[in-house]
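Everything on this sheet refers to the single structure shown next.
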Amino acid sequence: MSSNITRRHLMQAGSGAVAVSALSSGTSRAKSQSSDELRVSVGGGDWGKANIKAYVKPFEAETGIKVTPISDDLTQAQIELMAVTSNVTVDVVGPAQGLAVSLAAKGLLEKIDYSIFKKDDLDGIAEIAKKPWGVGALFFASVMVYNIEKYPAGKPRPNTWAEFWDVKRFPGVRSMMSGSYGSEGPWEEALLADGVTPDEVYPMDVDRIFASLDRIKPHARKWWTSGSEIQQIMRDKATDLTNSYDGRALLAINDGAPLEINRNQGKLNWSYWAIPKGSPNLQNAQKFIEFASRADRQSAFVKLFPQGPSNSNAFKDIPDGLARKLCTYPEYVEQSVAMNIDWYGEVGADGLTNTDRLIRCWNEWILL
């Protein structure tokens, strides 16, 4: 699904010169872009390559619109600066929930023109991923992953976060996601481990979260901060049990790592396609987002990079063997907890958002 999850956990840095050029060009240049142009943030590494192959090139072929792919992630500060200075040089961005909601709250995103979507595609897109300011691109999940050499078939394996926390029954080296980013961390997992049912996770009890984390802290060797980091940890067999982005775990498995994913109590998250306010190529940006939301385009993408389609109709063209590896496979959705990003943005009496509060608590707790 950086959050700034803008895909910090799924993308690698790339083509910095292109991104810097795009962001630093003058206002007159941005306004002079012709109507057959478009600049799209696609990300780097395998993720960016998949975006180009599944979306960018076919879109160019269908429309004749020239697309310049931008390989670097854009921060909130960069997008905000573009909008407030009327110097929008990237027309389509791909923020995950935390960043997208923050940008929308500040009025920095254009409204999506849903009238140009085909009815089948619009009906197929998950309701939770259709916002006035963005369309869900693809889903990803934070899942439990275990080393099958440590927990071989036929032997007891942890199936819930309460069992992950049970170090006596399931001994082994743990790794978990850091909470330093606030809107992404081991929060929901900690509550589930403490006996909270999936339908009662929100609103989250912050004190209860950290009381639960106190119990697992002595057994967590590493609190990882990025998708590339946990992918390397899994490849190196440096952990027996971890929570990981499912896409990263699938890539490690494809590389031969002795791992299996447990989808039970997975945490669903997703990114959006969105348009920065003031895009000089607004109509083309709308067309691109509609194109990238089509079932056939999403099925093409997931065959290149294993992420869950937001358009359920995409599963009609995804082989069952691959479909069962994706977090939005119907059976897995029923077992999962969807992140409630609106809760993270709620502001308390102290003026802090829940995200701010989690970051503050984490920074104090991790040093204890």
Nearest 0.5 Å, please: how far is [atom2] in [Y] from [atom1] in [X]?
X: Ser41; Y: Leu74; atom1: OG; atom2: CG; result: 5.0 Å
X: Leu251; Y: Trp47; atom1: CG; atom2: CH2; result: 11.0 Å
X: Lys287; Y: Leu38; atom1: NZ; atom2: CG; result: 10.5 Å
X: Leu192; Y: Gln265; atom1: CG; atom2: CD; result: 4.5 Å
X: Arg263; Y: Glu331; atom1: CZ; atom2: CD; result: 10.5 Å
X: Thr68; Y: Arg39; atom1: OG1; atom2: CZ; result: 4.5 Å

>> Tell me whether the count of non-hydrogen atoms from other residues, nucleotides or ligands lying under 6.0 Å of NZ in Lys53 goes above 12.
In response: no

>> Other residues, nucleotides and ligands only: do more than 12 of their heavy atoms fall within 6.0 Å of CD on Glu346?
In response: yes

Are [X] and [Y] in one and the same hydrophobic cluster, where Ile, Leu, Val, Met, Phe, Trp and Tyr link if side-chain heavy atoms are under 4.5 Å apart?
X: Ile341; Y: Val206; value: yes
X: Met234; Y: Val173; value: no
X: Tyr146; Y: Val167; value: yes

Result block: side-chain N/O donor-acceptor pairs under 3.5 angstrom for residues 124-137, not counting sequence neighbours:
from   : atom 1 : to     : atom 2 : distance (Å)
Glu127 : OE2    : Lys130 : NZ     : 2.8
Lys130 : NZ     : Leu122 : O      : 2.8

Within the structure provided, determine whether [X] and [Y] are in side-chain contact (heavy-atom separation under 4.5 Å).
X: Ser178; Y: Thr225; value: yes
X: Val302; Y: Leu326; value: yes
X: Cys327; Y: Leu268; value: yes
X: Gln286; Y: Ile275; value: yes
X: Pro258; Y: Glu149; value: yes
X: Gln76; Y: Ser102; value: yes
X: Ile261; Y: Met144; value: no
X: Thr242; Y: Met176; value: no

> Salt-bridged, Lys118 to Glu290, with N to O below 4.0 Å?
Replying inline: no

> Do Lys267 and Glu188 meet the salt-bridge criterion of a basic N to acidic O distance under 4.0 Å?
Replying inline: yes

>> Between Asn311 and Asp121, is the side chain to side chain donor-acceptor pair (under 3.5 Å) condition met? List the steps.
In response: CA-CA 7 Å; Asn311 187 335; Asp121 287 322; 3.0 Å; yes

For [X], all residues meeting side chain to side chain contact (heavy atoms under 4.5 Å, CB included), sequence neighbours excluded:
X: Gln232; result: Arg235, Asp236
X: Asn264; result: Asn159, Thr160, Asn262, Gln335
X: Asp356; result: Leu352, Thr353
X: Asp123; result: Lys119

Without hydrogens or angle criteria, can the side chains of [X] and [Y] be said to hold a donor-acceptor pair below 3.5 Å?
X: Gln298; Y: Ser293; result: no
X: Glu200; Y: Thr197; result: yes
X: Gln97; Y: Asn269; result: yes
X: Asn281; Y: Asp91; result: yes

> Quick one: salt bridge (Lys or Arg N to Asp or Glu O under 4.0 Å) pairs with a partner in residues 164-183, sequence neighbours left out?
Replying inline: Glu163-Arg169

> If you look only at pairs with a residue in residues 347-368, which of them pass as a ring-ring contact (aromatic ring centres under 6.0 Å, His included), with sequence neighbours excluded?
Replying inline: Trp187-Trp362, Phe210-Trp365, Trp223-Trp362, Trp223-Trp365, Trp362-Trp365

In a table with atom names and distances, give each donor-acceptor pair under 3.5 Å that connects a side chain of residues 105-113 to protein atoms at least two apart or in another chain.
from   : atom 1 : to     : atom 2 : distance (Å)
Lys106 : NZ     : Glu80  : OE1    : 3.4
Glu110 : OE2    : Gly278 : N      : 2.8
Asp113 : OD1    : Ser115 : N      : 3.1
Asp113 : OD1    : Ser115 : OG     : 2.5
Asp113 : OD2    : Ser115 : OG     : 3.4

> What's the verdict on salt bridge (Lys or Arg N to Asp or Glu O under 4.0 Å) for Lys303 and Asp317, showing C-alpha distance, side-chain angles and the deciding distance?
Replying inline: CA-CA 10 Å; Lys303 292 171 185 175; Asp317 189 39; 3.4 Å; yes

Please name all residues satisfying ring pair (Phe, Tyr, Trp, His ring centres under 6.0 Å) with [X], sequence neighbours left out, ordered by chain then number.
X: Phe164; answer: Trp161
X: Phe117; answer: Tyr114
X: Tyr329; answer: Tyr332

>> Give me the atom names and distance for the closest heavy-atom approach of Pro58 to Ala54.
In response: CG-O, 3.5 Å

>> Which residue is it: Trp273, Phe59, Phe301? I am looking for the one with a ring pair (Phe, Tyr, Trp, His ring centres under 6.0 Å) to Phe291.
In response: Phe59

> Residues two or more places apart in sequence or in another chain: which of them pass side chain to side chain donor-acceptor pair (under 3.5 Å) with Asp194?
Replying inline: Arg208, Arg215

